[in-house]
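So the structure is just underneath, and the comments pick up after that.
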There are 2 protein chains.
Amino acid sequence: MSDHDTPSRPVPTMRDIAAAAAVSQSTVSRVLSGVPTAVPIAPQTRQRVLQTARELGYRPNPLARGLRGAATNLIGAVVRDFSDPFFAGAIEALVVESMGHGYNVVLGHAPGRTGKGAVSLTTVLETRHTDAVVLLGAMQEHPKLLTELRSSVVPVVALWPGIGPHDFPTVDADDRAGIRAGLSHLESLGHRRIAFVNAELPGNYRVRVEAYADFMRERFGAVPPGYVEQCPNTLAGGDAALRRLLAHPEPPTAVATSTDLVAVGVLHAAHSLGATVPDRLSVVGFDDILIAAHTVPALTTLRMPIAEIVGHAVAQAVGLTREPAGSPRRTGHKVFAPALVVRDSTAPLMATTPGV
Amino acid sequence: MSDHDTPSRPVPTMRDIAAAAAVSQSTVSRVLSGVPTAVPIAPQTRQRVLQTARELGYRPNPLARGLRGAATNLIGAVVRDFSDPFFAGAIEALVVESMGHGYNVVLGHAPGRTGKGAVSLTTVLETRHTDAVVLLGAMQEHPKLLTELRSSVVPVVALWPGIGPHDFPTVDADDRAGIRAGLSHLESLGHRRIAFVNAELPGNYRVRVEAYADFMRERFGAVPPGYVEQCPNTLAGGDAALRRLLAHPEPPTAVATSTDLVAVGVLHAAHSLGATVPDRLSVVGFDDILIAAHTVPALTTLRMPIAEIVGHAVAQAVGLTREPAGSPRRTGHKVFAPALVVRDSTAPLMATTPGV
DNA sequence: TCTCCTAATGCAATCGTATGCAGGCATTGG
DNA sequence: CCAATGCCTGCATACGATTGCATTAGGAGA
């Protein structure tokens with residue numbers, strides 16, 4: 001039972017490097033920290049230390065580093081909804097990008113319905129001493145979280161933040177341009193009776209339905225009454241929304257949606273009701289989630305540039321980390337344009353279609 | 001610029017509690033650590049300290065705690081494939097469960113193809129001093145990771161670990177029972193020409209295809225030649241697999257798959273080829289991912305008890321954390337049974353179907 | 001040769017918590 | 001009334017890295 005003190009210590013510390021390289025521990029720190037402007041180090045000393053560290057397989061201890069007040073190299077990610085396949089891709093991108101910058105990701109959960117999650121979440125972020133926080137999705141349902149983040153010194157970047165105003169730098173898709181591209185596509189196919197299924201997420205996606213309304217007013221003078229359906233951002237929500245739309249006295253010949261998730265639900269309902277897509281009904285989604293290319297039929301949608309958005313956000317978060325603590329909070333807003341991806345769920349308006 | 005020393009210090013430490021409660025910092029530590037067997041504390045002192053801590057809003061600093069050698073309350077999650085919607089649900093469950101136990105989750109990425117991710121990943125887990133590691137998905141592609149984890153003192157729990165042998169405790173679904181339930185369902189509908197599409201993940205899912213082979217031999221004397229198709233675990237993979245199967249001289253009347261992901265691909269291909277589901281072709285998936293209830297048609301599948309599996313794994317990981325460091329590694333294996341969910345992708349074999 | 005300056009390095013305190021050990025006070029037994 | 005025993009509590013150190021300040025060595029100029 002005398003293995004309390006392991007002879008070969010598993011992980012070497014700076015002291016070990018210092019002893020092996022015949023320098024002081026502080027010199028080791030200065031070399032490995034890589035802060036060039038601090039204090040000059042003789043080139044040969046630097047080389048000797050680096051060499052020794054490499055030989056001993058040294059790894060800095062982020063706990064000690066963070067305790068002293070330096071960086072923890074941790075990014076806190078607050079995710080609104082894990083079950084949304086859209087965010088799954090975003091998380092993957094976030095992890096990869098962060099690791100590329102030498103950061104790790106701690107997860108927080110901010111579920112939409114109950115506010116309970118947000119409380120413990122904030123605790124986490126404050127307590128873990130993350131270097132930065134990335135918000136994935138709209139957080140309007142968690143005002144307490146936002147308040148605490150605002151008064152915190154930790155830099156925050158918000159992704160897909162929903163409607164403003166925002167106190168943090170945001171990175172988002174150009175929802176308006178995306179919706180207009182999808183609607184223009186439908187219009188060019190001859191469609192006039194275009195409805196919109198809007199996934200209602202408090203504070204989010206409102207831009208998309210507004211873009212739809214503006215487009216319709218601009219091109220056709222008005223938004224057809226009863227052509228906008230609100231629904232939860234779920235498959236079942238899209239399903240139910242289409243059923244309501246098809247019960248309309250003048251049912252639409254095309255449907256645009258604010259998310260692929262509801263679009264898939266729309267496809268499902270259309271199939272159940274015998275409204276063949278795309279022959280009798282054209283459908284346009286938004287996001288281009290993984291499954292969109294393999295629905296029945298394959299979904300025409302707007303591709304969300306997730307990699308660009310997340311990459312930009314991480315780069316910005318890391319950049320903000322390096323700024324001095326006292327600097328004023330930045331609130332830049334970066335926008336990326338979605339790209340129309342035409343697949344099989346849209347087709348020219350058939351001449352036989354009644355009306356218009 | 002003299003705000004270098006903020007008057008109201010943002011986060012109180014044990015020293016602050018100690019000063020306010022007129023005790024020493026070590027007493028505060030003993031009270032708040034909540035280790036009852038260590039040293040007796042006078043009840044009134046304990047109450048006073050707890051009260052003061054509550055008033056000042058004290059939160060322990062996990063960095064300092066971890067540095068001292070105690071728990072970091074961090075669980076490292078190594079995820080095989082974020083883009084698999086199946087794992088997205090697992091991650092959500094993992095985060096929720098972990099937070100319920102007072103733990104946070106750091107993410108690691110172990111992508112299937114390149115081994116590059118695993119290296120930096122191991123670095124992470126060793127360096128971050130996680131209290132436990134949870135492996136999501138088969139890790140046979142990352143032998144280096146497994147080796148390092150084996151020689152590490154950190155308790156490891158493996159979820160859906162694929163084929164054995166395993167040195168860690170595992171939690172898994174009863175793949176064999178699930179496959180048999182799906183096949184029995186098809187058999188009871190009159191199907192005999194049942195094919196299998198197997199998502200090939202190195203070291204994983206082999207149990208499922210073997211269960212299929214055993215079932216077919218047991219009931220029909222042999223596995224029909226050319227009735228097993230291997231494919232990547234993607235939508236495109238399932239799509240291509242079904243095309244090959246339908247080119248068979250005696251095409252199957254039913255297809256079982258090892259994952260819902262490929263099942264959705266199969267549905268897509270079936271639609272493209274005019275093989276109406278379920279009239280001309282029955283399809284059974286596995287996992288019951290979110291979208292399964294809303295495919296066209298809705299997918300009959302085996303529901304994976306994700307919450308139970310993840311909950312059990314987290315409880316076990318936390319339990320292992322509390323064990324003394326020297327104790328031998330446990331290797332229990334826990335299995336949960338999937339449940340058959342019958343939807344619209346399976347139907348009785350039509351009498352008009354040629355053959356059999 | 002002596003002084004002064006600068007480049008290079010070491011010393012030591014510090015972050016917040018945990019814990020072995022010593023010491024104080026009260027209670028109890030003789 | 002004194003001593004011994006226990007129950008609490010405080011002191012001091014350690015964890016690993018960062019960093020202000022002190023210190024040394026070496027070179028250059030007078």
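This one's a predicted model, so the numbers in the text were calculated from it and none came from an experiment.
- S29(A) and S26(A) share no donor-acceptor pair across their side chains, judged by distance under 3.5 Å alone.
- Under the 3.5 Å distance criterion, with hydrogens and angles disregarded, a donor-acceptor pair is assigned to the side chains of T72(B) and D131(B).
- OP1 or OP2 of dT18(D) lies within a sub-4.0 Å distance of a side-chain N or O belonging to S29(A).
- Applying the 4.0 Å criterion to OP1 and OP2 of dG10(D), one finds that T27(B) has a side-chain N or O inside that range.
- A straight line from CG of L32(A) to P of dT9(C) spans 14 Å, rounded to a whole angstrom.
- Between Q51(A) and R54(A), the side chains place a donor N or O and an acceptor N or O closer than 3.5 Å (distance only, hydrogens not considered).
- dC25(C) atom C1' lies 16 Å from atom CD1 of I41(B), rounded to whole Å.
- Here the CG-CG distance, from L149(B) to D167(B), works out to 10.5 Å after rounding to the nearest 0.5 Å.
- Nearest-nucleotide positions on DNA chain D place Q44(B) closer to the 5' end than the other of Q44(B) and V28(A).
- Among the protein residues, V23(A) comes within range of the sugar-phosphate backbone only, with heavy atoms under 4.0 Å from sugar or phosphate atoms but none that close to a base.
- The structure places CG of D172(A) at 8.0 Å from CG of L159(A), a figure rounded to the nearest 0.5 Å.
- Nearest to the side-chain atoms of S33(B) among the listed nucleotides dG10(C), dA18(C), dA17(D) stands dA18(C).
- Here the closest non-hydrogen pair linking H166(B) and Q140(B) is CE1-NE2, 4.1 Å.
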For nucleotides 14-16 of chain C, print each protein N/O atom paired with a nucleotide N/O atom at under 3.5 Å, atom names and distance only.
residue: dT14(C); atom: O2; partner: R68(A); partner atom: NE; Å: 2.6

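- With hydrogens and angles ignored, a donor-acceptor pair closer than 3.5 Å exists between the side chain of S26(A) and the base of dC11(C).
- Atom CZ of R30(B) and atom P of dA18(C) are 11 Å apart (whole Å).
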